[in-house]
S.K.: 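Below is a structure I'd like to ask you about.
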Amino acid sequence: MADHDLSSPLLPPQPSDSPHLVLIVTDNDSGQRSSSIQSHNHHHQNNSGSFNNNHSSHLNHNSRNPFEFLGSDGLSVPGVSTIDPFLNNTPDIEGAYELLKILVCLPIAVARLVLFGVCLLLGFIATKLALLGWKDKHNPMPRWRSRLMWVTRICARCILFAFGYQWIKRKGKPAPREIAPIVVSNHVSYIDPIFYFYELFPTIVAAESHDSTPFVGTIIRAMQVIYVNRFLQSSRKQAVNEIKRKASCNRFPRVLLFPEGTTTNGNVIISFQLGAFIPGYAIQPVIVRYPHVHFDQSWGHISLAKLMFRMFTQFHNFMEVEYLPIVSPLDNWKENPAHFAKRTSFAIATALNVVQTFHSYGDLMLLMKASQSKQEKPSSYMVEMSMVESLFHISSLEAVDFLDKFLSMNPDPSGRVKFHDFLRVMRLRTCTISEEIFGFIDVEKNGSITFKQFLYGSAHVMKQPLFRQTCELAFSNCSDGGDGQISKEQLGDIIRLAIPDLDDDEIHELFKLFGPDGDGRVSKDNFMSCLRKNPLLIVLFAPCLVRTGSSEAGDRMLQEIV
């Protein structure tokens with residue numbers, strides 16, 4: 001930024017009214033994705049639509065970017081993706097044929113259920129015997145124990161038979177373990193790992209929660225599973241080290257990963273996690289298909305019990321497995337893992353003849369959160385989290401927290417929030433600043449915002465390089481008492497510099513937002529946490545950043561900002 005003295009305003013002057021020419025260029029490589037970031041002119045747009053509240057005329061004219069003092073040059077939000085990677089295409093039983101088939105297959109379903117239970121029990125007993133007395137689980141399983149696991153593997157094939165997979169079509173064959181120690185596959189159903197258990201008996205990477213699953217937890221322990229907590233960086237790093245260690249030793253089974261991190265409906269490939277690609281070993285991609293007419297076998301939004309019942313009541317369920325050519329890292333093992341993953345996902349998507357998207361497991365978390373809150377269109381709350389994480393470096397858990405706040409704004413059936421509901425949750429009143437904040441997010445200028453716009457706007461503000469410094473300086477100016485705490489009166493004095501006519505009740509509501517402990521004081525940790533959860537409120541402290549009489553530390557920080 002330009003040089004300023006400490007008495008000059010921090011907020012820059014109004015931007016010029018000159019129109020901008022925006023060119024949208026599509027890159028051929030990134031065109032593989034289902035959606036792309038589009039540029040928008042957010043300072044000057046024609047108002048398209050009308051407001052359904054009393055403040056439409058004010059909002060239409062407040063297009064100034066209130067976050068320019070942080071270095072923001074405007075907000076761009078991609079269009080809404082129409083693809084739902086987790087949607088099961090036949091969630092309900094429809095048609096006379098399907099109903100008749102279920103009635104005919106009910107006796108068969110009972111026999112299949114019995115076969116499933118017997119096989120699961122026998123496999124569990126064989127696995128317990130194979131694990132009995134084995135304590136050195138850091139090293140490969142002894143050969144005689146692995147041979148005993150063949151009983152469980154045969155039981156797994158019988159379980160597939162019970163689910164209606166009397167025959168499974170295969171194309172290609174597994175590469176030797178010495179050539180491709182890591183196998184990656186798309187993930188459509190819980191049937192996938194059962195098949196791979198029978199076919200390859202690999203070491204798998206699984207969530208820690210699977211260990212406590214009855215029967216299944218014991219069986220996957222025999223596969224020398226690599227547990228990972230996807231939300232802990234230390235756990236992910238340890239899992240990558242284990243993948244590398246086991247892939248490098250031919251005495252271990254090959255390592256199997258589902259890099260999408262969750263099941264999809266098989267009609268798209270979502271973003272890959274990098275755990276399989278960081279070690280730098282050759283990888284064999286494998287694809288699974290479930291051709292169907294009346295019954296989509298993907299897990300999707302369907303409960304496990306319902307999915308099992310539908311499988312038991314089909315004459316036959318089709319499954320195809322294709323082993324693809326090996327994908328090796330380029331440049332003698334020095335290829336970037338992200339590029340390695342991109343090449344592999346492209347190979348899988350091409351073989352499946354499906355599109356690739358920026359969705360990830362985080363989108364499934366958002367989808368489930370919206371479903372639990374009884375939203376009419378829960379899929380409209382997905383934001384393609386892989387893109388969001390790449391652009392703004394926020395986690396899926398943080399995105400879910402933002403969705404919590406957005407849902408408290410009472411979105412309409414289409415998933416949009418009006419201005420007055422936005423103000424209610426943000427504890428603001430109608431004024432120039434609140435209109436500018438809302439106008440900043442409302443990139444379409446139609447008087448309502450989507451969750452994607454709210455998330456992008458909040459994350460955009462947090463990403464600005466001066467955001468954290470500004471938060472710290474704001475706290476320093478608020479806590480002039482020197483005790484490292486902010487009282488309600490101090491907070492009110494600072495916020496009234498931005499909104500002069502706030503009454504005591506409105507200040508009290510804002511103070512409760514910053515001080516959840518209810519002890520009448522706001523600590524620095526609470527202050528910083530509140531602004532991270534509500535980054536749009538940082539604009540309330542912009543006027544205090546040029547206030548004279550700040551502490552020496554605050555002055556130094558202000559010099560860095562300006």
Side-chain angles (χ1 to χ4, degrees), residues 26-37 78-89 171-172 180 182-193 195-196 204-205 230 255-278 282-292 296-301 319-329 335-367 379 382-390 396:
T26 302
D27 180 38
N28 289 334
D29 186 48
S30 63
Q32 300 294 336
R33 302 285 186 170
S34 67
S35 60
S36 61
I37 299 295
V80 177
S81 173
T82 58
I83 295 176
D84 182 354
F86 313 108
L87 177 65
N88 185 292
N89 293 312
K171 183 178 179 180
I182 298 177
V183 173
V184 298
S185 171
N186 63 315
H187 198 8
V188 180
S189 172
Y190 64 86
I191 295 298
D192 312 342
F195 170 80
Y196 287 123
I204 63 171
V205 179
R230 72 178 82 215
V255 181
L256 168 68
L257 296 99
F258 299 106
E260 292 173 293
T262 185
T263 57
T264 69
N265 57 16
N267 295 327
V268 300
I269 292 296
I270 64 175
S271 297
F272 276 13
Q273 303 297 312
L274 300 183
F277 309 95
I278 294 175
I283 286 175
Q284 182 172 32
V286 188
I287 59 175
V288 292
R289 302 183 185 92
Y290 294 90
H292 65 276
D296 182 358
Q297 300 151 63
S298 65
W299 204 331
H301 306 165
M319 180 181 183
E320 299 176 357
V321 180
E322 181 177 353
Y323 294 91
L324 302 181
I326 295 171
V327 181
S328 299
E335 182 180 18
N336 182 286
H339 188 264
F340 190 12
K342 186 176 181 180
R343 289 195 300 117
T344 307
S345 66
F346 178 74
I348 291 177
T350 302
L352 286 169
N353 193 27
V354 299
V355 298
Q356 297 172 267
T357 74
F358 288 106
H359 292 90
S360 71
Y361 179 75
D363 288 286
L364 182 60
M365 295 172 62
L366 297 173
L367 178 68
S379 61
M382 293 188 293
V383 296
E384 296 189 276
M385 268 305 300
S386 179
M387 174 63 74
V388 174
E389 291 172 350
S390 174
S396 298

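These values consider heavy atoms only, across backbone and side chains, with no hydrogens, waters or symmetry-generated copies.
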S.K.: side-chain hydrogen bond (donor to acceptor under 3.5 Å, both in side chains) with His292: which residues, sequence neighbours excluded?
M.R.: none
S.K.: Might you point out which heavy atoms bring Ala347 and Leu324 nearest each other, and give the distance in Å?
M.R.: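 Scanning both residues completely, I find the closest heavy atoms to be O-CD1, 4.0 Å.
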S.K.: Taking all non-hydrogen atoms of both residues, which atom of Ile283 and which atom of Ala276 are closest, and how far apart?
M.R.: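 Ile283 and Ala276 have their closest heavy atoms at CD1-O, 3.4 Å.
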S.K.: List for me each residue that meets side-chain contact (heavy atoms from CB on, under 4.5 Å) alongside Val354, sequence neighbours excluded, and say none if there are none.
M.R.: Ile269, Ala349, Leu352
S.K.: For Tyr190, which residues count as a ring pair (Phe, Tyr, Trp, His ring centres under 6.0 Å) partner, sequence neighbours excluded?
M.R.: Phe163, Trp299
S.K.: In Å, rounded to the nearest 0.5 Å, how long is the span from CE of Met387 to CZ of Phe358?
M.R.: 3.5 Å
S.K.: Once side-chain contact (heavy atoms from CB on, under 4.5 Å) is applied, do any residues pair with Ser328, and if so which ones, sequence neighbours excluded?
M.R.: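 Ser328 satisfies side-chain contact (heavy atoms from CB on, under 4.5 Å) with Ala282, Ile326 once adjacent residues are dropped.
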S.K.: Could you pull out the closest heavy-atom pair between Leu274 and Ala341, with the gap in Å?
M.R.: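 Smallest interatomic distance, heavy atoms only, reads CD2-CB, 3.7 Å.
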S.K.: Atom OG1 in Thr344, atom CZ in Phe272: separation rounded to 0.5 Å?
M.R.: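 Here the interatomic distance stands at 7.0 Å.
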S.K.: Mind checking side-chain contact (heavy atoms from CB on, under 4.5 Å) for Pro325 and listing every partner two or more places apart, or none if nothing turns up?
M.R.: none
S.K.: Show me, pair by pair, the donor-acceptor contacts under 3.5 angstrom made by side chains of residues 256-266, not counting sequence neighbours?
M.R.:
{"unit_1": "Glu260", "atom_1": "OE1", "unit_2": "His187", "atom_2": "N", "d": "3.1"}
{"unit_1": "Glu260", "atom_1": "OE2", "unit_2": "Ile270", "atom_2": "N", "d": "3.1"}
{"unit_1": "Thr264", "atom_1": "OG1", "unit_2": "Gly266", "atom_2": "N", "d": "3.2"}
{"unit_1": "Asn265", "atom_1": "OD1", "unit_2": "Asn267", "atom_2": "N", "d": "3.0"}
{"unit_1": "Asn265", "atom_1": "ND2", "unit_2": "Asp84", "atom_2": "O", "d": "3.2"}
{"unit_1": "Asn265", "atom_1": "ND2", "unit_2": "Leu87", "atom_2": "O", "d": "3.0"}

S.K.: Can you confirm whether Glu335 sits close enough to Arg343 that some side-chain heavy atom of one is under 4.5 Å from a side-chain heavy atom of the other?
M.R.: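 Yes, their side chains come closer than 4.5 Å.
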S.K.: I need the Gln356 CD to Ile83 CD1 distance, nearest 0.5 Å.
M.R.: 11.0 Å
S.K.: Mind listing the closest non-hydrogen atom pair of Val383 and Asp363 along with its distance?
M.R.: N-OD1, 2.8 Å
S.K.: Apply ring pair (Phe, Tyr, Trp, His ring centres under 6.0 Å) to Tyr323 and list each qualifying residue two or more places apart in sequence or on a separate chain.
M.R.: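 Ring pair (Phe, Tyr, Trp, His ring centres under 6.0 Å) list for Tyr323, sorted by chain: empty.
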S.K.: Evaluate Val288 against Tyr196 for side-chain contact (heavy atoms from CB on, under 4.5 Å), listing each step before the verdict.
M.R.: CA-CA 11 Å; Val288 292; Tyr196 287 123; 3.5 Å; yes
S.K.: Go through the steps for Val184 and Val327 under the test side-chain contact (heavy atoms from CB on, under 4.5 Å), then give the verdict.
M.R.: CA-CA 10 Å; Val184 298; Val327 181; over 6 Å; no
S.K.: Do you know which two heavy atoms are closest between Ser81 and Glu384, and how far apart they sit?
M.R.: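 The pair with the smallest heavy-atom distance is CB-OE1, 3.9 Å.
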S.K.: Can you tell if the side chain of Met319 reaches within under 4.5 Å of the side chain of Ser189, non-hydrogen atoms only?
M.R.: no
S.K.: For the side chain of Thr350 and the backbone of Phe346, is there at least one donor-acceptor N/O pair under 3.5 Å apart?
M.R.: yes
S.K.: If you measure from OG on Ser345 to CG on Asn186, what distance do you get to the nearest 0.5 Å?
M.R.: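 Rounded to the nearest 0.5 Å, the OG-CG separation comes to 11.5 Å.
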S.K.: Within the structure provided, determine whether Met382 and Phe86 are in side-chain contact (heavy-atom separation under 4.5 Å).
M.R.: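 Answer yes - side chains close enough.
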S.K.: Quick one: side-chain hydrogen bond (donor to acceptor under 3.5 Å, both in side chains) partners of Glu322, sequence neighbours excluded?
M.R.: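 Partners of Glu322 by the side-chain hydrogen bond (donor to acceptor under 3.5 Å, both in side chains) criterion, ordered by chain and then number, come out as Arg289.
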S.K.: With sequence neighbours excluded, tell me which residues meet side-chain contact (heavy atoms from CB on, under 4.5 Å) with Glu389.
M.R.: Met385, Ser396
